[in-house]
There are 2 protein chains.
Amino acid sequence: MVTIKDVAKATGVSPSTVSRVIADNPRISLDTKKKVRKAMKELGYHPNVNARNLVAKSTKTIGVVMPSSADKSLQNPFFPEVLRGIGTVTHDMQYSMMLSSGGTEEEMFAEVERMVYGSYVDGIILLYSRMNDRITNFLREKEFPFVIVGKPYDYVSEITHVDNDNYKAGKEITNYLIDQGHEHIAFIGGSRDLIVTMDRENGYKAALNEAELPVCEAYRIHSEFLQSGGREAIEKLLQLEYSPTGIVVSDDLMSLGVLSALEELGYDVPTDISLVSFNNVYLSELTSPALTTVDIQIYQLGVQSAKALIEKTQSDFVPEKRIIIPHEIVYRDSVGER
Amino acid sequence: MVTIKDVAKATGVSPSTVSRVIADNPRISLDTKKKVRKAMKELGYHPNVNARNLVAKSTKTIGVVMPSSADKSLQNPFFPEVLRGIGTVTHDMQYSMMLSSGGTEEEMFAEVERMVYGSYVDGIILLYSRMNDRITNFLREKEFPFVIVGKPYDYVSEITHVDNDNYKAGKEITNYLIDQGHEHIAFIGGSRDLIVTMDRENGYKAALNEAELPVCEAYRIHSEFLQSGGREAIEKLLQLEYSPTGIVVSDDLMSLGVLSALEELGYDVPTDISLVSFNNVYLSELTSPALTTVDIQIYQLGVQSAKALIEKTQSDFVPEKRIIIPHEIVYRDSVGER
DNA sequence: CTGTTAGCGCTTTCAC
DNA sequence: GTGAAAGCGCTAACAG
C-alpha cells in the first residue's frame with residue numbers, strides 16, 4: 001500500500017505537506033502542489049479512510065436503515081428508489097452509504113447500536129416510521145444525528161424528517177374520486193402502526209367528512225399481504241349493502257393485489273370500480289389499467305433526507321425540521337366517472 | 001468517547017490486556033476477563049472500528065454494487081431481495097455492507113475505485129453482469145476479492161460467481177410451454193448485453209431446437225421499457241402470420257408490462273396467450289393471472305454470494321468458482337393448454 | 001510556505 | 001498471565 005510517506009519521500013517534502021496538498025490547503029505553493037500531485041498519480045496513491053477517519057473523528061458515511069426484512073414490504077420498489085436518491089447525494093459529496101439489514105427488530109437494533117457506538121457512521125437515515133419505534137427512541141436519546149423518511153410518531157417538531165404531506169395527498173386523491181361522482185369509497189392500507197398509513201387514511205376520512213359522506217369502519221381494511229387474506233377482505237367489502245364504487249389504496253404494490261383480486265371476482269376497473277393509490281413507482285404504469293396514483297417523488301425523498309442529514313452532521317447547522325416533498329396526482333386509467 | 005484506556009484505568013489493568021479481552025485471548029485469566037467485561041459494560045465501551053481497521057488492515061465491510069441507476073431496472077424488487085440475503089450474512093458475521101450507487105457508468109467506476117483504493121471494503125459483490133464491464137475488468141486486474149451475482153461474461157472459470165443455471169431454467173420453462181401444446185413461442189427479454197438475458201434466451205432457443213420448432217428472429221424482442229415502446233413491439237409480434245401462443249419473458253417485472261399490453265390489445269391470458277417468466281418476486285403472485293415463473297431464490301443468491309466473498313477475504317481459502325443456486329418452476333395461472 | 005511532533009484508538013510483538 | 005512500547009496512516013497544532 002502506498003502511503004503518504006512514500007509520496008513525501010518521492011517528492012522530497014514532509015508527510016504533512018502531502019497531507020496539506022490532499023486537503024488543498026491554500027498555504028501550499030502551487031509548485032509543490034503540482035509536484036506532489038504528480039507523485040501521487042505516479043505512485044498510485046489513495047488516502048486510507050480508516051486512518052483519516054480515526055483522526056478526523058468522522059467517517060463521512062451515513063447509515064441507512066430499512067424496515068425489518070421480515071415483512072414482504074421490503075420488496076417494494078420504493079426502497080431501491082430512495083436508495084438511488086440517497087446514493088446520488090452521498091456520491092456527490094464523497095460520502096459512503098452503509099446499509100443496515102436485520103431480520104428481526106432485535107437484530108436491527110443491534111446493528112444500529114453497532115453503527116452508532118462503533119463510529120461506523122456520522123448519521124443515520126430511517127426509511128420507515130412506526131409507532132413507538134425502539135430505534136427512533138434510541139437515536140433521539142443518544143442525540144445521534146438522524147433523519148426519518150416519513151413522519152415521526154412523536155416529537156414531530158424535534159426530529160428532522162423528510163416527508164410528503166400525506167394527509168393532504170390522501171384528501172386530494174379522495175376528493176378526486178368524489179369529484180368523479182363516487183359516494184361509496186373504501187380505503188385499503190398497510191400496517192396500522194405505520195405513520196404513512198395513518199396520515200393517508202386520515203386524509204381520506206377528512207375528505208369524506210367534508211363531502212358529508214359516511215365514514216364507516218367496514219370500509220377500511222388493513223393488511224400487508226394482498227394475495228390470499230387480502231382477497232377475502234375485498235370480497236367482504238364488495239358484499240356490503242352499499243359496496244364501494246371507489247377504493248383508495250395506500251400503496252402501488254398493494255394496488256396490484258387489489259387489482260388482481262377485483263379482476264378475479266369479476267369486477268372491471270374502472271368500469272365497475274375505481275382505484276387510486278400512492279407512490280407512482282415504475283410498475284404503476286405497467287398494470288392494467290394503469291394506475292391513477294399520487295406521485296410522491298421517492299427519489300427526492302432520498303435526496304433531501306441525505307442532504308439534510310449531511311448538513312446536520314457537518315456543521316451544527318440546524319436544517320428545517322420538517323421538509324415536505326411536494327406530491328402530484330398522476331392521472332391514468334383506473335378511475336371512472338359515476 | 002469511551003476508549004480502551006478508560007476501561008484499563010477503571011479496571012487497573014493495561015490497555016493491551018483490555019484489547020486481549022476483546023479478542024477473547026485464551027491467555028487472559030477468567031478473573032480479569034470478567035473484571036474487564038464488567039467495566040466495559042458499565043462505562044458503555046464500544047470498540048472504535050476505524051482504529052481497529054487501521055491496524056488490522058481489514059474493514060469487515062463488503063461493498064455492494066448495483067447496476068447503473070440510470071435505467072429503470074433498479075426499481076426491480078430483485079434488488080431489495082438480494083440485499084436482504086447479503087444483509088443476513090453480513091449481520092451474522094458482524095460485517096457491514098456498503099452500498100454503491102452512481103448514476104452513470106463513470107460515476108460507478110469512480111465509486112468502486114474509491115472503495116478499493118481507499119480501503120473502504122474487503123471485497124465487492126457485483127449485482128449485475130454484462131459484456132465487457134469496466135468494473136469487472138478492473139477488479140480482476142487488481143486481483144481485488146469480488147464475486148458476481150450472475151455469470152461473468154468471460155473468465156467464467158476464474159471469477160467466483162453465484163448464479164442460477166439460467167440456460168437450463170430457460171429450457172425447462174420453454175419445454176413446459178411446449179408440453180402444454182404450444183408451438184409458436186416468443187421470447188421477450190431485457191437488454192441484450194446482460195448475461196442473464198443471453199442465458200435464458202439460449203435456453204429458450206435450445207428447447208425449441210430440440211422440439212424441432214422454428215426459432216425465428218421476429219419472435220425475439222429486447223427492451224427495457226415495457227410501457228410504450230414495448231407495447232408496439234408486442235403488437236407487431238401478434239400481427240405476425242403465425243402469432244405466438246406462448247411467450248417466455250425474462251423477468252417478472254417485464255411480465256407485468258407484457259400482461260398489461262396483452263390485456264389492452266384484447267388478448268386474454270392464459271386463454272389466448274400463455275406467459276411464463278423468471279424470478280418469482282412477490283408481485284408475481286399479485287398479477288392477474290398470477291404468473292407461472294421460475295423461482296430463482298433471490299434471497300439465496302444474496303446469501304451465498306456474501307458467504308463466498310467473506311470466505312474469500314478472510315483466508316486464502318478458495319471457494320467454488322461457480323456456485324449454482326437451484327431453481328424451480330412455480331406453476332400458477334398464466335399458462336393454458338393448446 | 002513548510003517541517004517537526006504528537007496523537008487519534010487499537011493491536012501486537014517482545015519482554016518479564 | 002500481563003505490561004510496555006511501537007506503529008497502523010493520517011491530521012493538526014506549533015514552530016520557524
Side-chain angles (χ1 to χ4, degrees), chain A residues 1-37 39-40 43-61 94 96 114-122 314, chain B residues 1-37 39-40 43-61 94 96 114-122 314:
Chain A
M1 164 166 259
V2 186
T3 77
I4 217 169
K5 279 186 188 167
D6 300 318
V7 179
K9 233 169 246 169
T11 337
V13 300
S14 78
S16 40
T17 302
V18 178
S19 173
R20 288 186 185 109
V21 174
I22 297 169
D24 203 19
N25 188 314
R27 299 196 317 201
I28 301 290
S29 74
L30 234 145
D31 254 24
T32 32
K33 271 190 189 172
K34 271 185 189 157
K35 228 173 29 183
V36 171
R37 288 203 180 113
M40 297 200 305
L43 298 177
Y45 168 80
H46 288 264
N48 178 312
V49 246
N50 290 305
R52 172 179 293 180
N53 291 346
L54 183 55
V55 22
K57 277 162 176 11
S58 143
T59 61
K60 294 219 175 215
T61 299
Q94 306 252 55
S96 305
R114 211 167 65 106
M115 291 208 262
V116 171
Y117 287 133
S119 321
Y120 281 85
V121 299
D122 289 352
Q314 281 187 338
Chain B
M1 163 167 262
V2 185
T3 78
I4 217 170
K5 279 186 189 166
D6 300 320
V7 179
K9 231 167 249 168
T11 337
V13 300
S14 78
S16 36
T17 301
V18 178
S19 174
R20 288 189 183 104
V21 174
I22 297 170
D24 202 18
N25 188 316
R27 298 198 317 204
I28 301 290
S29 73
L30 235 144
D31 253 26
T32 32
K33 272 190 188 173
K34 270 185 191 156
K35 225 170 37 181
V36 171
R37 288 205 179 110
M40 295 200 305
L43 298 177
Y45 169 79
H46 288 263
N48 178 312
V49 247
N50 291 305
R52 172 178 291 178
N53 292 347
L54 183 56
V55 23
K57 275 159 180 13
S58 143
T59 60
K60 293 222 176 211
T61 299
Q94 305 253 56
S96 305
R114 209 166 67 107
M115 289 208 260
V116 170
Y117 288 132
S119 319
Y120 282 84
V121 299
D122 289 351
Q314 280 187 340

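Every chain is numbered from 1 and lettered A, B, ... according to where its sequence line falls, protein lines coming before strand lines. Predicted model, so just to flag it, every value in this text is computed and none were measured.
- Straight-line distance from the NZ atom of Lys9(B) to the P atom of dG9(C): 12 Å, rounded to whole Å.
- Counting distance only, with no hydrogens placed and no angle test, the side-chain atoms of Ser29(A) and the base atoms of dT2(C) include no donor-acceptor pair under 3.5 Å.
- Listed pair Ser14(B) / dT2(D) fails the phosphate criterion, with no side-chain N or O lying under 4.0 Å from OP1 or OP2.
- Distance from the side chain of Ala51(B) is smallest to dC10(C) among dC10(D), dC10(C), dT4(C).
- In the model, Thr17(A) has a side-chain atom that pairs as donor or acceptor with a side-chain atom of Ser14(A) under 3.5 Å.
- Phosphate contact (OP1/OP2 of dG1(D), side-chain N/O of Arg27(B), threshold under 4.0 Å): absent.
- Here CG of Asp6(B) is found 9.5 Å from OH of Tyr45(B). Values are rounded to the nearest 0.5 Å.
- At dT2(D), one or more side-chain N or O atoms of Thr32(B) fall inside 4.0 Å of OP1 or OP2 (strictly under the cut-off).
- Residue contacts for Val18(A): at a heavy-atom cut-off of 4.0 Å it reaches no nucleic acid atom on any strand shown.
- For the OP1/OP2 pair of dC10(C) and a distance below 4.0 Å, the side-chain nitrogens and oxygens of Tyr45(B) include at least one atom meeting the criterion.
- One can place CG of Asn50(B) at 12 Å from C1' of dC8(D), the figure rounded to the nearest angstrom.
- To the nearest angstrom, C1' of dG7(D) lies 8 Å from NZ of Lys5(A).
- Comparing dG3(D), dG7(C), dT11(C) by their nearest atom to the side chain of Ile22(B) picks out dT11(C).
- In summary, the side chains of Thr32(B) and Arg20(B) do not present any donor paired with an acceptor at a separation below 3.5 Å, with no hydrogens or angles considered.
- Of the charged side-chain nitrogens involved, none lies within less than 4.0 Å of a carboxylate oxygen, so that Asp122(A) and Lys57(A) do not count as a salt-bridged pair.
- For the pair Lys60(B) NZ and dT11(C) P, the interatomic distance rounds to 11 Å; values are reported in whole Å.
- Atom pair Asn25(B):CG and dC10(C):C1' shows a separation of 15 Å (rounding to whole Å applied).
- Looking at which nucleotide of DNA chain D each of Val55(B) and Pro26(B) is closest to, the 5′-most match is held by Pro26(B).
- With hydrogens and angles ignored, a donor-acceptor pair closer than 3.5 Å exists between the side chain of Arg20(B) and the base of dT13(C).
- Going from atom CD1 of Ile4(A) over to atom P of dT5(C) covers 17 Å, rounded to whole Å.
- Nucleotide dG9(C) holds its C1' atom 14 Å from the OH atom of Tyr120(A), rounded to whole Å.
- Nearest to the side chain of Lys57(A), among dT11(C), dC8(C), dG3(D), sits dC8(C).
- Listed candidates were dT11(D), dG9(D), dT12(C). Nearest to the side chain of Leu54(B) is dG9(D).
- Among Val18(B), Ile28(B), Val21(B), Val7(B), the single residue meeting the side chain to side chain contact (heavy atoms under 4.5 Å, CB included) criterion with Val13(B) is Val18(B).
- Rounding to the nearest 0.5 angstrom, the gap separating the CG atom in Asn48(B) from the CZ atom in Arg52(B) is 9.0 Å.
- In the set dG3(C), dG9(C), dT12(C), the nucleotide with an atom closest to the side chain of Ser16(B) is dT12(C).
- The base of dA12(D) has none of its N or O atoms less than 3.5 Å from a complementary donor or acceptor on the side chain of Ser19(A).
- Atoms CG (Asn53(B)) and C1' (dC8(C)) sit 14 Å apart, rounded to a whole Å.
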